[in-house]
Peer 1: 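Structure incoming, see below.
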Amino acid sequence: MSDELESDGPGNFVADKVREDLAQGKFGGRLRTRFPPEPNGYLHIGHAKAIVLNFGLAELDPAGRCNLRFDDTNPSAEEAEFAEAIERDLRWLGYEWGEHLYFASDYFEQLYDWAEDLIRRGLAYVDSQSGEQIREGRGDFHRPGVNSPFRERAPEESLGLLRRMRAGEFPEGAHVLRAKIDMQSKDLKKRDPIMYRILHTPHHRTGDAWHIYPIYDWAHGQSDAIEGITHSVCTLEFQNHRPLYEWYLEAIGIPEGERPQQVEFARLNVGFMITSKRKLAQLVEEKHVAGWDDPRMPTLAGMRRRGYTPESIRAFCERIGVAKRDGLVDVTLLEHALREHLNATSPRAMAVLDPIEVVIDNMPEDFEHVFSLPLDPTDETRGTREVPLTQRLYVERGDFMEDPPKKWWRLAPGREVRLRGACLVTVKRVEHGDDGEVTRLVCEWDPDSLGGSAPDGRKVRGTVHWVSAKHAVDAEVRLYDRLFSAEDPGAGDTDFLTQLNPDSLKVVSAKLEPWLGTREVEERVQFERVGYFCVDPESEPGALVFNRTIALRDSWAKLAKKKG
RNA sequence: UCCGGAGUCGUCCAAAGGUAGGACAGCGGACUUUGAAUCCGCGAAUGGUGGUUCAAUUCCUCCCUCCGGAACCA
């Protein structure tokens, strides 16, 4: 059944349309999509949805393909660094575009030729009004626009002006090229939209070759047409652009059956995350986070560093579906996809994040036993790691309670619990510091319980993780939590910065079992009973840094919380 | 108010002129050498009105609500 689902490909309205077009032989049976990021920021979870959609659609036909095209028409915001990061993140997510890497800037010359052609045909003109005048002349929702005094300028004059604009003879703002459509249109986008503006900013690819740059609407559809795109999939906010998209394609003479068609879908919003590039850039610039790849960022780079797997992100994108209604996806859906994949792939080991000392009183001081424990208890073929047991250990402070509530199965005075994989111990005495804080648990063990179960078959409900003090490896562990404390940061007129979660990062010094001390950058593991972690690139030999990707579900915490 | 979109469980997505389905979340239980995972079960929705029809959530009318649009941004 799942085979069937997969061979059918994604089931959503865009895929349905593509299948229908394919079946009807539209575009001569050709299928081509594109992912068109602007290189002015890093890719984030919202882009992942568009990527999975576009690359996924291309697979609906054996000959289908998805181009990567950088929409680099505004040099003032764009940088090569971003383009490189985007390619890196795309590959990490699992996509490949082969030789089909394009840049809108590669089409500048063609675009320019088309523009001159439009002028000659009376479909465009150079407007020499100020930005203020142009805005005023456009009217508003209730007021029709008025024609620019330059609207009837002779084509020859516009041509001359445009050439001089291109050559850099005018200051920015002196002139623009506008399409001559209809200043009375109810569709404000059609009130003589601007095609080119003068910009003397050097471009990251074309350098100072150009002094005019095309506006999105005058570049996007044309780029699609040049590349033979059949389905130009974009988000809802571009719906209002579609009539203009189509007008330009017709104006430059693309025959009807060959015009790419724009299809819009709802962008992704995830609870407790933001996907506004402007806001993400602000977080980075104002140093609310450590960078675009801060593990708390919803960027692919940040998620990668946090320990997300590409598989889990793709699975999430497939599960949320594609539709035209705006919404806010519950972050638990993302977390579920993450845990699901991590659970299936992460080796297990033990680490104590908030250590409290344990001494096993009736164990010889020089006792040492090495257990060979499975890295994956459900699959012994995945190997084992060696875990030493000695008289002095660390256990988690939170796993001990001096006066436990009902249903507490863990360490407490007189209570027998199991040290995971090792043996059974009972707390005999509790030592306190001056401030009353527990400093040490003195326990007794059952020497016949080596391995973790008692020969008499008595049941021991609680199991806790532990680390031999003598062999423990110290490491920094960064406990990440949601960056925002509000599900919809910035909603209403709230400033999203006031909703940053003050506890989104806690750094602790942990005690690791020896095997964990030999992990390498980007390796992912499960700290048993705690969560999934991965090794941060800032780790140094002998000074590992682990990032908490996500905690394990904790039904005890839930129970305890419910009972107050 | 003008133009363009959208309204289905708490959330996201699906279906359909004839018992509205899945996932996540929630709740309950089983199992457990991870209070994890796994398994089983439960509750939960078609914005409103009028109409067409044997039957409307689906088709039509009117209304309501929400989102986007007046950048020389994408």
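In what follows, chains carry the letters A, B, and so on, assigned in the order in which the sequence lines appear, proteins first and then strands, with residues in each chain numbered from 1.
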Peer 1: Just N and O in the side chain of A/Lys558: are any of them under 4.0 Å from OP1 or OP2 of B/rG26?
Peer 2: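 For A/Lys558, the contact criterion (side-chain N or O under 4.0 Å from OP1 or OP2 of B/rG26) is met.
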
Peer 1: Any chance the rings of A/Trp408 and A/Trp556 have centres within less than 6.0 Å?
Peer 2: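 Yes, close enough.
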
Peer 1: Check the distance between B/rC72's C1' and A/Ile215's CD1 and give it to me in whole angstrom.
Peer 2: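 Checked: the CD1 to C1' distance equals 5 Å.
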
Peer 1: Out of B/rG35, B/rC73, B/rA70, which has the shortest distance to the side chain of A/Arg138?
Peer 2: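 So the side chain of A/Arg138 is nearest to B/rA70.
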
Peer 1: Could you work out which one of B/rC12, B/rG35, B/rA74 sits closest to the side chain of A/Ile320?
Peer 2: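 The nucleotide sitting nearest to the side chain is B/rC12.
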
Peer 1: Go through the side-chain N and O atoms of A/Glu172 and A/His200 and say whether any donor and acceptor fall under 3.5 Å apart.
Peer 2: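 A/His200 and A/Glu172 do not have a side-chain donor-acceptor pair below 3.5 Å.
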
Peer 1: Distance criterion of 3.5 Å, no angle test: do you see the side chain of A/Asn240 paired donor-to-acceptor with the base of B/rG68?
Peer 2: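 Between B/rG68 and A/Asn240, which were checked side chain against base, a qualifying N/O pair under 3.5 Å is present.
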
Peer 1: Nearest to the side chain of A/Arg348 - B/rU34, B/rA74, B/rG26?
Peer 2: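 From the listed options, B/rU34 comes nearest.
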
Peer 1: Report yes if the distance between the aromatic ring centroids of A/Phe82 and A/Phe70 is under 6.0 Å, otherwise no.
Peer 2: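 Not under 6.0 Å, so no.
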
Peer 1: B/rG5 base to A/Arg325 side chain: any donor-acceptor pair below 3.5 Å?
Peer 2: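 No such pair is found, so the answer is no.
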
Peer 1: Under 4.0 angstrom, heavy atoms only, what part of the nucleic acid is A/Ser453 near: base, sugar-phosphate, or nothing?
Peer 2: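 Base, at least one base atom sits under 4.0 Å.
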
Peer 1: Can you figure out which of B/rU34, B/rC73, B/rA36 approaches the side chain of A/Arg197 most closely?
Peer 2: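 Selected nucleotide: B/rC73.
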
Peer 1: What nucleic acid atoms does A/Ser130 come within less than 4.0 Å of, heavy atoms only: base, sugar-phosphate, or nothing?
Peer 2: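 Base contact - A/Ser130 has a heavy atom under 4.0 Å of at least one base atom.
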
Peer 1: Give one of base, sugar-phosphate or nothing for A/Gly421, where a contact means two heavy atoms less than 4.0 Å apart.
Peer 2: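 It contacts base atoms.
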
Peer 1: CG of A/Leu559 versus P of B/rG26: gap in Å, rounded?
Peer 2: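 Interatomic distance, CG of A/Leu559 to P of B/rG26: 13 Å.
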
Peer 1: Less than 6.0 Å separating the ring centroids of A/His220 and A/Tyr216?
Peer 2: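 Ring centres of A/Tyr216 and A/His220 closer than 6.0 Å.
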
Peer 1: Would you mind telling me which of B/rA74, B/rC67, B/rC2 lies closest to the side-chain atoms of A/Asp326?
Peer 2: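 Closest nucleotide among those given: B/rC67.
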
Peer 1: Provide the full list of ring-ring contact (aromatic ring centres under 6.0 Å, His included) pairs with a residue in residues 172-192 of chain A, sequence neighbours left out, each pair given once.
Peer 2: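 Qualifying pairs, neighbours excluded: A/Phe170-A/His175.
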
Peer 1: So, A/Thr463 versus A/Arg529: side-chain donor-acceptor pair below 3.5 Å or not?
Peer 2: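 Side-chain D/A pair, A/Thr463 to A/Arg529: absent.
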
Peer 1: Nearest whole Å is fine: how far is B/rA74 C1' from A/Leu280 CG?
Peer 2: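 My rounded result for the distance is 15 Å.
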
Peer 1: Given B/rC73, is OP1 or OP2 found less than 4.0 Å from the side-chain N or O atoms of A/Thr73?
Peer 2: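 Checking A/Thr73 against B/rC73: no side-chain N or O falls below 4.0 Å of OP1 or OP2.
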
Peer 1: Indicate, with yes or no, if the rings of A/Phe108 and A/Trp210 have centres closer together than 6.0 Å.
Peer 2: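 For A/Phe108 and A/Trp210, the ring centres are under 6.0 Å apart.
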
Peer 1: Looking only at the aromatic ring of each residue, does the gap between the centers of A/Tyr42 and A/His44 stay below 6.0 angstrom?
Peer 2: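 No - the distance between ring centres of A/His44 and A/Tyr42 does not fall below the 6.0 Å cut-off.
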
Peer 1: Roughly, in whole Å, what's the span from CH2 in A/Trp466 to P in B/rU34?
Peer 2: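 Checked: the CH2 to P distance equals 15 Å.
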
Peer 1: Does A/His465 get its side chain close enough to the base of B/rA36, under 3.5 Å, for a donor-acceptor pair?
Peer 2: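 Such a pair does not exist between side chain and base.
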
Peer 1: Sort me out a list of protein N/O and nucleotides 41-43 of chain B N/O pairs below 3.5 Å, or just none if empty.
Peer 2:
none

Peer 1: Any base atoms under 4.0 Å from A/Trp218, or only sugar-phosphate, or nothing? Heavy atoms, all strands.
Peer 2: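 Answer is nothing: A/Trp218 stays at 4.0 Å or more from every strand.
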
Peer 1: If each of A/Thr378 and A/Asp217 is mapped to the nucleotide of RNA chain B with the nearest heavy atom, which maps nearer the 5' terminus, i.e. the 5' end?
Peer 2: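 Residue closer to the 5' terminus by nearest nucleotide: A/Thr378.
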
Peer 1: Looking at the side chain of A/Ala323, which of B/rA14, B/rC27, B/rA74 is the nearest nucleotide?
Peer 2: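 Selected nucleotide (nearest to the side chain): B/rA14.
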
